[in-house]
Each structure stands twice: as C-alpha cells, then as structure tokens.
Amino acid sequence: MTDDAFLDDLTAALPKGALRPIAPHYLEEPRGRWIGHARAVIAPGTVEQAAAALRLAARAGVPVVPYGGGTGLVGGQVADGGPAPLVVSLERMSRVRSIHPDENVMVVEAGAILSDVHEATLSADRLFPLSIAAKGSARIGGLLATNAGGVNVLRYGNARDLCLGLEAVMPDGSIWHGLKRLRKDNTGYDLRDLLIGSEGTLGLITAAVLKLSPRPAGEGTALMIVPGPAAALRLLALARDHMGEGVSAFELMHRQSLNFLAETMPQLRQPFATPPEWFVLIDVGLARGLVPATALEALFADAFGRGLVTDGLIAQSEAQRAEFWTLRESVPAANRVIGAVSSHDVSLPLSAVAEFIEKGAGVIAAIGEFRINCFGHLGDGNLHYNVFPMPGRSRADHEGQREAIKRAVHDLVHSMGGSVSAEHGIGRLKVDDLERYADPAKLAAMRRIKAALDPQGIMNPGAVLRI
C-alpha cells in the first residue's frame, strides 16, 4: 500500500482532529541521541479509534510507534531507521474514567499525565504513589510500558505492582478488555504482566486499573549526612527498624549533585553551608497517632550514636519538605544541562551497592579523568551512575570513549549480580546490552513471544529486540 493510500484510509477511518501534524516533539527524545521519522501521527480519542488505526497498519504492514509523554531516556519512543512508522500519541485519551475509594482503585486512560492522576486521587483522599521527576509530563501508558519505578518503590513497588488490569489494542487491531478491578484472577497467562514493561512492542496500552493507597496521616522528610554509602545502607536498615513500612523513600545523593545544581540552577537554595560528600533524603508516611518529625528525630539520635550520621535537617513545614524534594527532583535536569558522556540506570543487590560505587570509580579512572554523579533510590538498589566531562570540556570531546565507559560500568554491574536496566527500560539504547547480558533462555523466549503476538513485527520495531 502506498503512503497516500494508507493516509487516505486513516483519514476515512478516524474523526477529524485525530490526525496530527508531524510536529518535531513527536520525533525527539530528551537526550537528543535520536531524531525519529514518521509516516503519520494520530491521536485517537477512544480505544475503538486506536484499534481501527492498528488494523489498517497491520493490513498495510506499517510499523507502529506508541508515544506517551516523550520522557523516556532510552529511545523507545522514536524510530530513527527503517520504514517510516505510524506514531500513535495517547494525548487525547487522558480521562479518569472512575475512582473507587472503598476499593482503593481507579480506572484511567493511558494518556493521563501522572501529576493529573495525583491530583484526581486527592479528591478521593487516596494516594497513587508512583512518582518520578517527570511527573508533570509523563503519561500513564508510558509509565506502564516501561514498568517505571521512581522514588517510592521501596514502599509501594514498581508500576507493575500498582496495576490490576489493562485495556490494550493488540498488533492485529483487536481489543483486549482487561480492565478488571480484581486482586485475584488466576485465569491463565497474565497478559497484564506481559504488556507492562514490553515498551510498546507487544501492544498498545490504552487504559489501566491502578491501585491506590490510603493517604498517610502524617508525612515527614529529612536530609541526613552519612560517612558513605555503606553507612547509608545501615541507616536504611535502622530506619525500617524504627518505622517499618512507614519509610516511603530513601534517596542517596552525592556532593556532585549539589555542585551541578549550584552551577545550573543557582536560584535553588542549597540545604548545607558546605556540601557533604554523601547524604540521604528520607521520606516517611505514618499512621494516625505517630508524629513524623518526632520519629525522624529519634532515628537521627539513634543513628548518630551508632556513627551512621554526622548531621542533618528535618523539614519543619510542608514548604521545607517541598524544598528538599525539589532539590532531589531537579538533579536529572541539572545533569542534562552539564551533559553526560555516558549515563547508566543500574540496580544491584543492596549489599553490593557500596562495593560497586568504590570499584566503579576505579574503572572510570582507568579510562580517563571524569566527574561521576552517583545518586538514586538506595532503598531498592537502583543507582543512576552518570559520568561527566571535567569543567571546560563537553561530552562531545569524549564521544569516542562513551562506549568504553558504558561497557566498563555494565560489565562491573553484571559481574556483581546486578541489572544494566533498572527502571528506564531497554528501548533502542540498550538492545546490544540486552543481547550481551541477558540469560540466553530468557532472550530466546522473549523473541518467541514477540513472534507469536506480533508476527509482522510492526509494534515499535527496533525497541527491546533487534529487528
């Protein structure tokens, strides 16, 4: 089928307004490593419209690239080679279909922006705990397609743990009506878990049943200076001894983060007069009758006596809590301004984190002189281990070393029983890494599943699995 014939069929099948101009933002990704192309861009308003478009794409053999908020960091949302695809944006499918507070459940369309979902749950006095720095633009479909993590995984789990059911369009254009609000449903293979994390390569997620939680009666946040990552891990264990599952987030940060923030965002108030080498951000949400500030003070006193902390700040107001979190959530943006030579989203067994950080500095030093900004979700072993040029140089000066840095870091992670993709996915960036580090039986099974569900290979070709 010619491009003109395919576009004519799309125009006939979809209502006016569903076809979009091929604007640049549909073809870009935040790190600027790929520029995509498209045969057409559509924004269906209903699952039936999305299904009609995928049926036409299947009949014509046109590739399909799902597009959410465009915030993915591994190139899963752009196709920079092969036949020009149909880009399917979920921006018009953004409704909250229903909220069921007594069930702790909500049904939401895949184009809903995460921050809007947070606002919707406030009216029901409930909490949807998934939170990432890009919450103002990331959409639910993309978060599920990549099994996003974020800062609250320690307490609430990844996106997969927060989803009960899905509605999705399969590669042949059929609709899977899987929006069940059930906690138990053992009726064969779990298509929900298969589509979550598949990065749009097995189907198009159009809506989801999300799990909500009661809002904590009291919340508190603290910054605590630690002697190093090993002490931070012991502090995490001590915090859970004190507050159990009340510990919502436990973020490790290095002085380099504060230096980058001072350089790129001088308007942000720095919390410490002298930036410490290592510190943690602890967030807690406690039940009625418990005072978060008091609990954090007790934790600090105990930790100080054990030599696990040397100083700290406990937020005295919601405004100060917001300041602490703004600091943490601004680090990725500061990193982008500085320009990383190589960025790594890795996870390790908790007991291996401190050793990895120590060894990682050595493997990077063996390649050249660089700055390392290591930060992340220590509670679940997920580190963002990013390597930057020295002052006065740019990442372009080290382009020839980027692959060697990535290989050295990922080899070290793999040797220590870790994963080279913790929460960002594989996309197009890490296809080679998946082939290098994945268990051969797993990789073979993934290819068979892809061939069974998408025999034409039209769903996001080149992402996750090599074409």
Side-chain angles (χ1 to χ4, degrees), residues 22 24-39 41 57 62-90 134 137-139 141-149 171 195-205 332 335-336 339-346 384 386-387 395 399 402-407 409-410 413-414 419-438 442-443 446-447 449-451 453-454 456-467:
I22 305 177
H25 72 270
Y26 294 117
L27 309 178
E28 299 170 347
E29 49 83 31
R31 289 180 174 162
R33 296 199 178 276
W34 293 276
I35 297 295
H37 61 159
R39 187 170 307 194
V41 175
V62 173
V64 175
V65 174
Y67 187 89
T71 61
L73 297 176
V74 290
Q77 71 272 50
V78 294
D80 64 337
L86 171 66
V87 174
V88 181
S89 170
L90 277 300
S137 50
R139 299 181 187 271
L143 294 167
L144 290 167
T146 56
N147 189 29
L195 288 179
I196 294 174
S198 67
E199 302 186 45
T201 62
L202 300 178
L204 175 71
I205 295 171
N335 284 348
R336 283 194 289 274
V341 178
S342 186
S343 300
H344 314 95
D345 162 46
V346 302
H384 300 296
N386 302 333
V387 180
R395 73 179 187 182
E399 189 61 30
R402 187 168 69 87
E403 187 61 33
I405 293 171
K406 184 182 80 164
R407 175 66 60 84
V409 172
H410 286 176
V413 168
H414 184 67
S419 169
V420 300
S421 180
E423 64 177 0
H424 292 164
I426 296 298
R428 289 168 175 80
L429 177 66
K430 296 184 178 181
V431 172
D432 290 344
D433 294 312
L434 182 64
E435 293 176 347
R436 178 176 175 83
Y437 301 111
K442 173 184 176 177
L443 194 57
M446 288 174 61
R447 288 174 174 145
I449 291 168
K450 170 73 170 173
L453 294 183
D454 182 21
Q456 292 180 272
I458 64 169
M459 293 303 301
N460 211 4
V464 183
L465 297 171
R466 193 177 304 279
I467 298 174

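Every heavy atom of this structure was used, including side-chain atoms; hydrogens, water molecules and symmetry mates were not.
Between H344 and the options V420, V413, V387, a side-chain contact (heavy atoms from CB on, under 4.5 Å) holds for only V387. Just one of E423, E29, R31 meets the side-chain contact (heavy atoms from CB on, under 4.5 Å) condition when paired with L73; it is R31.
Residues D432 and R466 form a side-chain contact, since some pair of their non-hydrogen atoms from C-beta on lies under 4.5 Å apart. Proximity of H410 to R436: side-chain heavy atoms (C-beta onward) are nowhere separated by under 4.5 Å. Within the 4.5 Å cutoff, the side chain of L90 has heavy atoms near those of the L204 side chain. Between H414 and S419 the shortest side-chain heavy-atom distance does not fall below 4.5 Å. D454 places none of its side-chain heavy atoms less than 4.5 Å from the side chain of T201.
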Next on the checklist: For a side-chain contact (heavy atoms from CB on, under 4.5 Å) check, start with the C-alpha distance between V88 and V64, then their side-chain angles and the critical distance, and finish with the verdict.
Outcome noted: CA-CA 7 Å; V88 181; V64 175; 3.7 Å; yes
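Note: R402 CZ to I405 CD1 = 9.5 Å, rounded to the nearest 0.5 Å. Taking CG of L143 as the reference point, atom OG1 of T71 lies at 6.5 Å (rounded to 0.5 Å). One finds the CE atom of M446 at 6.0 Å from the NZ atom of K442 (value rounded to the nearest 0.5 Å). The structure places NE2 of H25 at 5.0 Å from OH of Y67, a figure rounded to the nearest 0.5 Å. Going from atom CG of L195 over to atom CG of L144 covers 10.0 Å, rounded to the nearest 0.5 Å. How far OG of S421 is from CG of L434: 9.0 Å, rounded to the nearest 0.5 Å.
Taking every heavy atom of both residues into account, K406 and L429 meet most closely at NZ-O, 3.9 Å. Smallest separation of non-hydrogen atoms from G462 and V431: O-CG2, 3.6 Å. Between V464 and I426, the shortest heavy-atom contact is CA-CG2, 3.7 Å. Closest approach of I458 and P461 over heavy atoms only: O-CD, 3.3 Å. Considering all non-hydrogen atoms of both residues, G203 and P171 come closest at CA-CD, 4.4 Å. Counting all heavy atoms, side chain and backbone alike, E28 lies closest to I35 at CG-CD1, 4.2 Å.
Taking the six-membered ring for Trp and thresholds of 30 and 60 degrees, H424 and H384 have nearly parallel ring planes, at less than 30 degrees apart.
Of the N and O atoms on the side chains of R428 and N460, at least one donor lies less than 3.5 Å from an acceptor on the other residue.
For the pair D345 (side chain) and A422 (backbone), a donor-acceptor distance under 3.5 Å is present.
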